[in-house]
Participant: 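Below are the structure tokens for one structure; questions will follow.
Counting from 1, the numbers follow the sequence of the chain as shown. Predicted, not measured: the structure shown is a model, and the values here were computed from it.
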Amino acid sequence: MTDPVRPAASGAMPRPLFHLTPHRHWMNDPNGLVHHGGLWHVYFQHNPEGPDWGNMSWGHATSPDLLHWTEHPVALPYRPGEQMFSGSVVASRLPGDDTLTALFTSAYDDDHQAQSRATSTDGGYTWATDPDNPVLDRGTRAFRDPKVVPYVDADGDARWLLVAVEADDRQVLLYSSTDLRAWTHLSTFGPTGTDGVVWECPDLVRLPVDDDPDDQRWVLLLSTNPVGADADPEGSSMSYVVGRFDGREFTPDVDRLTRLDHGRDLYAGVTFDHAPDGEAILLGWMSNWRYAASVPTAPWRGAMSLPRRLALRTVDGQVRLVQEPFGFVRTWLDRATLATVAGDAQPVELVSSGHLLCELRWDPAATGSVRLDLRGDADALVSICHDVAAGELRVTRGGADAEAVHPDFPSVSTVPLGCARPVRLLVSLDGGLLEIFVNQGEQTLSNLVPLGTGPVTVTVECDDRGPITVVAVDAAGLLTADRSS
Ligand code: FRU
């Protein structure tokens, strides 16, 4: 979406330039992510009639490159008595068959949720719902968010796997099908982990460890949202657990969920079906149910994260899920317009449009603590600090305009980060969206930041002599160049 609308209020967030936002109105979870016919299709939870959650329908946008987006008419509109909650789309793997199949949650007004089906034979633009809907119904009230993935069963036969949650019970249910219509229950995972949360938007992703094709694992992705009167004010977050899937049961390798992103604003992330080269590309919703309704943007509300390529890498003897930006980000950094060096005698100020990619490297042994301050025209301060004494990267968002968003919006988020190794930090700032990738995606931190609508200055400094090398590129300039070429 490339028509920035600049709201007047200070602390307001300008429209991102290189992230997907709806043209107008409310957006939450990514739905039905699929690569088909040379395009990336993103459906999304959408209120076609207003800036708040409600009338849940599937919005639709496509992109050839995950950068330039075209929004299309609503794909699955809500109906009297039924909202279209989250779900997924898969492309037929049969030769010559172009059908796309969506499995989504019908959230009925009588407090009952079940899984429904729709198909598209025109490349994902129009959809026919199945007259037999719902096709998978347990008669319960929080059975939702079906994610369908292909798998091969113990006899070597290709099948479809559906994972969905009983949100209130903190359970993931696994089902199998050959025709995407009749589903057989395979097993149930959970409950596990913290109580006082609902589980939402699961995904099960097959990935090799350290690129070894003979060591394949399955990674369960989960979104968890605190509920109840004394719910955790930090709100929504994503977790994962690495394990094995034997065609029937998912068995985790370790007995706990690991946080997927250390910021406050990455939720409901799932991967694309049928991505080129079998890559696992994740998009998440950059917000938090704790304050999503008060995020100061207009005439739209809600944004997707950068696309992230998922991989499993052994780090310090443990298999970790790593996430790196996928696609244009690396190309842009390679065309960087600014390469500079900062040290204690030489803090660096990067003046940007507020749409900036920046890659920094330092060796903590030479720099001591490192600090980046981000300032725009709002009364807010966002800082990123590698505190070597504390052994952490700390991201603070504060100031009057942060407090004005919601009482729980000011935040301090941390990522464990020692000083034994050199550090590489990729910082993406696109209007109100800040995403930080630490050491090639070993850790990520995603936050909304109310820096205002004007230019943003990033000040980089360290305690000792340095150096910190900085490569930065202003995306506003690049996009202008792109459009005129
Ligand atoms: C997650 C979620 C899903 C649900 C959808 C409704 O953010 O609560 O569980 O399907 O949003 O919009």
Participant: Give me the one residue out of W53, F104, Y108 that meets ring-ring contact (aromatic ring centres under 6.0 Å, His included) with F85.
Facilitator: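 Exactly one option meets the ring-ring contact (aromatic ring centres under 6.0 Å, His included) with F85, and it is W53.
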
Participant: Answer yes or no: is there an ion pair linking E442 with R424, defined by an N-O contact shorter than 4.0 Å?
Facilitator: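 Result for this pair is no, no salt bridge flagged.
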
Participant: Between the side chains of R308 and E324, is the shortest nitrogen-to-carboxylate-oxygen separation below 4.0 Å, so that they form an ion pair?
Facilitator: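 No, no charged N to carboxylate O under 4.0 Å.
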
Participant: For R141, is there an ion pair with E166 - N to carboxylate O distance below 4.0 angstrom?
Facilitator: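 Salt bridge between E166 and R141, a charged N being under 4.0 Å from a carboxylate O: no.
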
Participant: Side chains of T271 and D203 only: does a donor on one sit below 3.5 Å from an acceptor on the other?
Facilitator: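 Yes, a side-chain donor-acceptor pair sits under 3.5 Å.
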
Participant: Quick one: closest heavy-atom pair of D430 and L17, and the distance?
Facilitator: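 Where D430 meets L17 most closely, the heavy atoms are OD1-N, 2.7 Å.
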
Participant: State whether a side-chain donor-acceptor pair under 3.5 Å links T444 with R259.
Facilitator: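 Result is no, nothing qualifies.
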
Participant: Please evaluate residues W40 and F272 with respect to the criterion ring pair (Phe, Tyr, Trp, His ring centres under 6.0 Å), reporting the C-alpha separation (whole Å), side-chain torsions for both, the decisive distance (0.1 Å), and the verdict.
Facilitator: CA-CA 8 Å; W40 301 88; F272 280 87; 4.9 Å; yes

Participant: Hey, does the side chain of S352 reach the backbone of V456 with a donor-acceptor pair shorter than 3.5 angstrom?
Facilitator: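 Present.
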
Participant: Are there over 12 heavy-atom neighbours, none belonging to R170, within less than 6.0 Å of that residue's CZ?
Facilitator: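 Buried by this count: over 12 neighbours within 6.0 Å.
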
Participant: Apply side-chain hydrogen bond (donor to acceptor under 3.5 Å, both in side chains) to R15 and T21, showing your working.
Facilitator: CA-CA 8 Å; R15 192 186 282 276; T21 51; 2.8 Å; yes

Participant: Excluding sequence neighbours, so at least two apart, what forms ring-ring contact (aromatic ring centres under 6.0 Å, His included) with W199?
Facilitator: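 Testing W199 for ring-ring contact (aromatic ring centres under 6.0 Å, His included), a comparison that skips the adjacent residues, returns none.
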
Participant: Which residue, V460, V382, L350, V348, forms the side chain to side chain contact (heavy atoms under 4.5 Å, CB included) with L372?
Facilitator: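 Running side chain to side chain contact (heavy atoms under 4.5 Å, CB included) over V460, V382, L350, V348 with L372 returns exactly one hit, V460.
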
Participant: Under the side-chain hydrogen bond (donor to acceptor under 3.5 Å, both in side chains) criterion, do E200 and Y267 qualify, and how do the steps go?
Facilitator: CA-CA 9 Å; E200 300 187 311; Y267 199 65; 2.7 Å; yes

Participant: Got V438 and L417 here, is their nearest side-chain heavy-atom distance under 4.5 Å?
Facilitator: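 The answer is yes, as the side chains (C-beta and beyond) meet within the 4.5 Å cut-off.
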
Participant: Run the ring-centre check on W332 versus F18 and record whether the distance is less than 6.0 Å.
Facilitator: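 Yes; F18 has its ring centre under 6.0 Å from that of W332.
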
Participant: Nearest 0.5 Å, what's the CG-CG distance between L426 and L333?
Facilitator: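 The distance works out to 5.5 Å.
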
Participant: With a 4.5 Å limit on heavy-atom distance, are the side chains of W69 and M304 in contact?
Facilitator: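 They are not in side-chain contact.
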
Participant: Is the number of heavy atoms from other residues, nucleotides or ligands under 6.0 Å of D111 CG greater than 12?
Facilitator: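 Atom CG in D111 is crowded, with more than 12 foreign heavy atoms closer than 6.0 Å.
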
Participant: Hey, does the side chain of D401 reach the backbone of A404 with a donor-acceptor pair shorter than 3.5 angstrom?
Facilitator: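 Side chain of D401 to backbone of A404: no pair is present.
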
Participant: Are D273 and L33 packed together at the side-chain level, in the sense that at least one heavy-atom pair is separated by less than 4.5 angstrom?
Facilitator: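 Sidechains of L33 and D273: no contact.
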
Participant: Of all heavy-atom pairs between A380 and L451, which one has the smallest distance, and what is that distance?
Facilitator: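 Of all heavy-atom pairs spanning A380 and L451, the closest is O-CD2, 4.3 Å.
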
Participant: Under the 3.5 angstrom rule, does the side chain of D387 hit a backbone N or O of A389 as a donor-acceptor pair?
Facilitator: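 Yes, D387 side chain to A389 backbone: donor-acceptor pair under 3.5 Å.
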
Participant: Which label fits F143 and Y175: parallel for a plane angle under 30°, tilted from 30 to 60°, or perpendicular past 60°?
Facilitator: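 Judged by the thresholds at 30° and 60°, the geometry between F143 and Y175 is tilted.
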
Participant: So do the side chains of V90 and V34 get within less than 4.5 Å of each other, counting heavy atoms only?
Facilitator: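 A side-chain contact is absent here, since even the closest heavy-atom pair is not under 4.5 Å.
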
Participant: To the nearest 0.5 Å, what is the distance between OG1 on T396 and CG on N447?
Facilitator: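 Rounded to the nearest 0.5 Å, the OG1-CG separation comes to 9.5 Å.
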
Participant: Would you tell me whether T469 and R361 have side-chain atoms, one donor and one acceptor, within less than 3.5 Å of each other?
Facilitator: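 On atom types as modelled, these side chains do not qualify, holding no pair under 3.5 Å.
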
Participant: In the structure I gave you, are the side-chain heavy atoms of D137 and H112 within less than 4.5 Å of one another anywhere?
Facilitator: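 Yes, side chains in contact.
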
Participant: Can you check whether V163 reaches V149 side chain to side chain, under 4.5 Å on heavy atoms?
Facilitator: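 Heavy-atom side-chain distance check fails, nothing below 4.5 Å.
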
Participant: Counting N and O atoms only, with roles assigned by atom type, does the side chain of T297 sit under 3.5 Å from a partner on the main chain of W300, one being a donor and the other an acceptor?
Facilitator: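 Yes, T297 side chain to W300 backbone: donor-acceptor pair under 3.5 Å.
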
Participant: Do T62 and H72 pair up side chain to side chain, a donor and an acceptor below 3.5 Å, judged on atom types alone?
Facilitator: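 Indeed, the side chains of T62 and H72 share at least one donor-acceptor pair under 3.5 Å.
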
Participant: May I have all residue pairs that pass side chain to side chain donor-acceptor pair (under 3.5 Å) and include part of residues 42-52, sequence neighbours excluded?
Facilitator: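 Those involving residues 42-52 are N31-Q45, Y43-H60, N47-N55, E49-N55, E49-Y78, D52-R301.
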
Participant: Determine the minimum heavy-atom distance between P325 and L306, stating which atoms define it.
Facilitator: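 Where P325 meets L306 most closely, the heavy atoms are CB-CD1, 4.3 Å.
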
Participant: Test: salt bridge (charged side-chain N to carboxylate O under 4.0 Å, His left out). Region: residues 279-292. Which pairs qualify, not counting sequence neighbours?
Facilitator: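 The answer is E279-R309, R290-D408.
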
Participant: Can a donor-acceptor pair be found, under 3.5 Å and without considering hydrogens, that links the side chain of R371 to the backbone of C462?
Facilitator: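 No; zero donor-acceptor contacts below 3.5 Å.
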
Participant: Could you tell me which non-hydrogen atom of G466 sits nearest to which non-hydrogen atom of T367, and how far apart they are?
Facilitator: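 G466 and T367 have their closest heavy atoms at CA-CG2, 3.7 Å.
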
Participant: Please give me the minimum heavy-atom distance between A12 and T453, naming the atom from each residue.
Facilitator: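 The answer is O-CG2, 3.9 Å.
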
Participant: Taking the side chain as every heavy atom from C-beta outward, state whether L266 and L260 have any pair of such atoms under 4.5 Å apart.
Facilitator: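 In short, these two side chains touch, coming nearer than 4.5 Å.
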
Participant: Between V148 and L161, is there a side-chain heavy-atom distance shorter than 4.5 Å?
Facilitator: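 When only atoms from C-beta onward are counted, V148 and L161 do not touch, as no gap falls below 4.5 Å.
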
Participant: If you look at every heavy atom in P16 and L433, which pair is closest and at what distance?
Facilitator: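 It is CG-CD1, 3.5 Å.
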
Participant: With no hydrogens and no angle check, do the side chains of T105 and Q115 hold a donor and an acceptor under 3.5 Å apart?
Facilitator: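 Checked: T105/Q115 side chains pair up, N/O donor to acceptor below 3.5 Å.
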
Participant: What's the verdict on side-chain hydrogen bond (donor to acceptor under 3.5 Å, both in side chains) for S236 and N288, showing C-alpha distance, side-chain angles and the deciding distance?
Facilitator: CA-CA 5 Å; S236 325; N288 188 317; 3.2 Å; yes

Participant: Under a 3.5 Å cutoff, is there a donor and acceptor pairing between the side chains of H386 and W362?
Facilitator: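 Side chains of H386 and W362: pair found under 3.5 Å.
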
Participant: Ignoring hydrogens and geometry, is there a side-chain-to-backbone donor-acceptor pair from S353 to H355 under 3.5 Å?
Facilitator: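 Pair found, side chain donor or acceptor close to backbone of H355.
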
Participant: Compute whether any side-chain donor of one residue and acceptor of the other, for T459 and D373, lie under 3.5 angstrom apart.
Facilitator: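 No, no side-chain donor-acceptor pair sits under 3.5 Å.
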
Participant: Counting the benzene-type ring for Trp, do F250 and F245 have ring centres under 6.0 Å apart?
Facilitator: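 Ring-ring flag for F250/F245: false, centres at least 6.0 Å apart.
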
Participant: Side-chain donor-acceptor pair under 3.5 Å between S446 and D265, yes or no?
Facilitator: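 Their side chains do not contain a donor-acceptor pair, so the 3.5 Å distance test is not met.
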
